[in-house]
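Some notes on the structure that comes next.
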Amino acid sequence: MLELKNIKKSYKTGDFVQHALKGINIKFRKNEFVSILGPSGSGKTTLLNIIGGLDRYDSGDLIINNKSTKKFKDINWDFYRNNCVGFIFQSYNLISHISVIDNVIMSTTLSGYKRSKRKKLALDALTKVGLKEHAHKRPNQLSGGQMQRVAIARALVNNPDIILADEPTGALDSKTSKQIMDLIKEISKDKLVIMVTHNPELANTYSNRIIEFKDGEVVNDTNPYEEIDKNDKLTIKKTKMSYMSAISLSFNNLKTKFGRTFITSFASSIGIIGIALILALSNGFKIKIDEFEKDTLSQAPILISESTIDLTNVTNTHDEYTEYSSDKVIHPLKINVTSEHKNNIDSNYLNYIESIDKNLVGGIQYTMISKINMYTKVNDKVKEIDTNSIMSSIPSSMDNDISSIMRDNFDVIEGTFTNDPYALYILVDSKNRINEEILKTLGYDNTNISFEDIMDKEFKVVLNDTLYSKIGANYIPNTNLEELYNNESNITLKIKGIIRGKKDNDFATLSGTGILYNQSLISTIIDKNNESSIVKEQINSDFNILTKVPFDKENINTEKNMMLTMLGAYKVPAAISIYPKDFDSKDEILKYLDKYNKDKKDADKIIYMDQAKMITSLSGGIMDAITIVLIAFSSISLIVSSIMVGIITYTSVLERTKEIGILRAIGARKKDITRVFNAETLIIGLFSGILGIIIANILIVPINNIIYELSKLEGVANLNPIHAIILIIISMTLTLIGGFIPAKIASKKDPVIALRTE
Ligand code: ADP
Ligand code: MG
């Protein structure tokens with residue numbers, strides 16, 4: 001089953017060629033105890049390594065199972081080593097950072113068995129060598145003889161057909177040597193044992209065949225084997241290391257070097273901490289900016305008024321002058337008349353506005369300039385109220401409910417918001433104050449007023465048919481205020497609530513104080529006034545219905561509308577303010593407004609003003625830029641740390657050279673070695689990623705405290721869990737890349753040299 005045919009092997013060191021084996025021919029029986037005897041340097045170890053598939057012969061052939069191994073690939077040698085051969089070394093070659101039983105279990109790493117089965121096999125092997133009780137000790141807690149027994153158990157655990165022992169008693173005293181030899185003798189009963197020794201006495205006592213070596217040649221063979229039995233065959237299975245084995249091997253290694261692993265992980269987590277904090281901050285600031293934008297947007301609605309300045313025209317004038325010139329000359333600025341644009345807000349356009357997607361709009365405010373004839377009682381005397389100076393409308397929402405602008409920005413501190421078109425509200429400032437002039441108008445003299453006193457205060461709207469009586473061909477306004485006030489057809493308005501801006505709300509603060517009415521009130525009054533006979537007659541006349549002066553022919557529509565406004569019957573608002581719900585909604589609304597102008601003549605276009613535009617585009621952009629710069633800086637530290645992990649992995653490779661040799665000796669593939677080290681870097685990457693996230697989260701607490709002290713913004717820094725997971729994955733990827741080259745180096749290590757290093 002095993003035959004060496006003219007095997008030659010030489011080593012080159014510089015120009016010097018050492019012929020370690022000079023043409024060896026040996027046939028082995030399936031079951032014998034062979035001693036290879038010879039002086040140091042005669043090539044015994046080299047022979048054993050070649051038989052064991054650890055080293056490659058230069059020429060000749062090694063016949064296994066009647067087949068040449070000339071065409072063997074690495075993988076075939078790996079399978080052969082793992083299945084057929086068990087190595088025992090002079091220096092035991094145990095891995096010191098794992099327990100005795102784990103050393104034995106490691107040999108079964110490639111068996112493909114479950115861990116429980118592998119553990120049982122290892123315990124059986126340890127029992128066989130009499131070390132069952134010492135299974136959980138570390139190798140360095142054992143004596144030399146005991147360590148060699150562990151090595152024997154490790155060689156036996158896969159039940160190989162061949163045991164190769166290289167001076168197994170070389171480091172032991174004679175008494176212990178004898179015990180070990182007895183054990184090996186026992187093993188040789190059903191295996192081929194090839195033992196290298198330079199002790200003729202041991203060879204004579206225990207083996208049944210002695211092959212003597214000298215200068216790389218066989219000089220004597222006491223029991224040569226001539227006829228090979230073709231039926232003696234070795235069994236060779238395919239084996240490989242599972243990822244779990246690789247991970248547990250690396251994990252155990254890292255555990256023994258906890259201090260170093262921790263410091264490495266900590267150092268490489270610094271980049272992660274940096275990026276995590278930057279993301280947390282920029283994330284938080286973005287949210288705050290969004291909130292700020294929403295505030296800004298609600299303060300600065302899209303404004304559509306009857307006349308507006310077409311900014312595009314203004315900036316385009318005066319092409320002959322250069323911008324930001326250093327010339328010390330002042331030019332006259334001619335305001336281009338055409339830059340003023342008349343917006344023709346008609347019912348068509350109003351319908352278009354009413355059809356805006358409800359979800360985009362927080363509220364729409366129409367500024368009506370139609371006169372309202374309003375009266376109230378002050379100290380039992382009726383008094384006319386100038387509505388334009390003390391009242392303003394609440395922005396309505398699309399569905400006639402109180403708009404979200406109101407709910408978002410104001411608290412109702414007395415009464416309720418209602419849809420009742422005849423409800424009025426008192427708007428006070430943060431100190432519950434209201435403009436003194438308004439109070440005077442309402443008849444309260446510079447004193448404090450209880451809510452109770454002002455709630456339900458009544459106002460009367462007198463309609464045109466009550467105010468104007470037609471006498472002959474003329475309309476005469478009634479001047480008896482008492483009579484007007486008490487007319488049955490009047491509309492009665494009542495103060496139904498007191499509202500105050502929410503705390504620290506800019507929009508509310510800017511809104512001032514006064515009396516608010518629901519928008520539906522104005523349209524209701526205008527509708528009613530349109531029914532009045534004076535308005536009907538005015539609509540059909542080319543002259544002022546009150547003075548009988550004819551309208552200017554050129555300007556008939558404008559003059560008539562002014563008259564209708566005076567009569568509280570002009571339906572078209574002077575301005576429309578649209579409050580977008582948020583930044584994106586605003587874009588949509590602007591698109592919608594632009595669509596109206598498409599294919600229209602310049603004169604028919606409706607031009608709007610977007611006041612919030614400048615501020616918002618600025619803030620978002622700056623934040624993004626700062627974030628990118630900071631992340632770039634932290635990325636550098638992340639890359640530095642992965643290079644560091646690479647260096648540390650490389651050190652680990654150097655340190656574990658022996659372990660690599662042992663793993664290869666038991667049949668581990670190059671790939672398996674790479675896996676062990678990749679598993680190690682992955683564990684470090686995972687650990688440093690998690691550590692980084694934990695530390696970042698701890699640091700967020702004081703950072704938020706500082707930000708709060710500086711800006712009164714609460715909980716700004718806030719790490720998104722998805723970002724955290726991505727960062728851990730990045731950390732693992734980078735350390736894996738950093739350790740990739742060292743892991744490759746490890747897998748390329750020559751197992752023979754690896755085992756020879758101490
Ligand atoms: P033995 O085990 O009988 O003491 P070895 O097989 O270890 O002898 O070595 C045989 C010869 O080959 C020695 O001269 C040794 O110096 C040389 N040799 C072994 N391995 C190497 C190597 N990797 N590089 C160079 N020379 C080597
Ligand atoms: Mg040797």
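Indexing begins at 1, ligand by ligand and atom by atom, following the structure's order.
- Not counting sequence neighbours, the partners of Asn49 by the side chain to side chain contact (heavy atoms under 4.5 Å, CB included) test are Thr45, Leu54, Asp55, Phe87, Val752, Arg756.
- Paired with Thr108 under the rule side chain to side chain donor-acceptor pair (under 3.5 Å), one option of Arg118, Arg154, Lys120 passes, and it is Arg118.
- For ligand 1, the 4.0 Å heavy-atom shell contains residues Tyr11, Gln18, Ala20, Pro39, Ser40, Gly41, Ser42, Gly43, Lys44, Thr45, Thr46, Arg756.
- Around the Mg ion (ligand 2), the protein atoms of type N, O or S that sit closer than 2.8 Å are Thr45 OG1.
- Under a 4.0 Å N-O distance rule, the pair Lys189/Glu186 qualifies as a salt bridge.
- Of the N and O atoms on the side chains of Ser10 and Asp58, at least one donor lies less than 3.5 Å from an acceptor on the other residue.
- Side-chain contact annotation: Ser188 with Tyr206, donor-acceptor N/O pair under 3.5 Å absent.
- Side chains of Asp215 and Lys22 form a contact here, defined as non-hydrogen atoms less than 4.5 Å apart.
- In terms of the salt bridge (Lys or Arg N to Asp or Glu O under 4.0 Å) criterion, residue partners of Asp182 (sequence neighbours excluded) are, by chain and number, Lys178.
- Only one option out of Arg669, Lys671, Arg56 pairs with Asp74 in a side chain to side chain contact (heavy atoms under 4.5 Å, CB included); it is Arg56.
- Checked by atom type, the side-chain pair Ser731/Ser688 shows a donor-acceptor distance below 3.5 Å.
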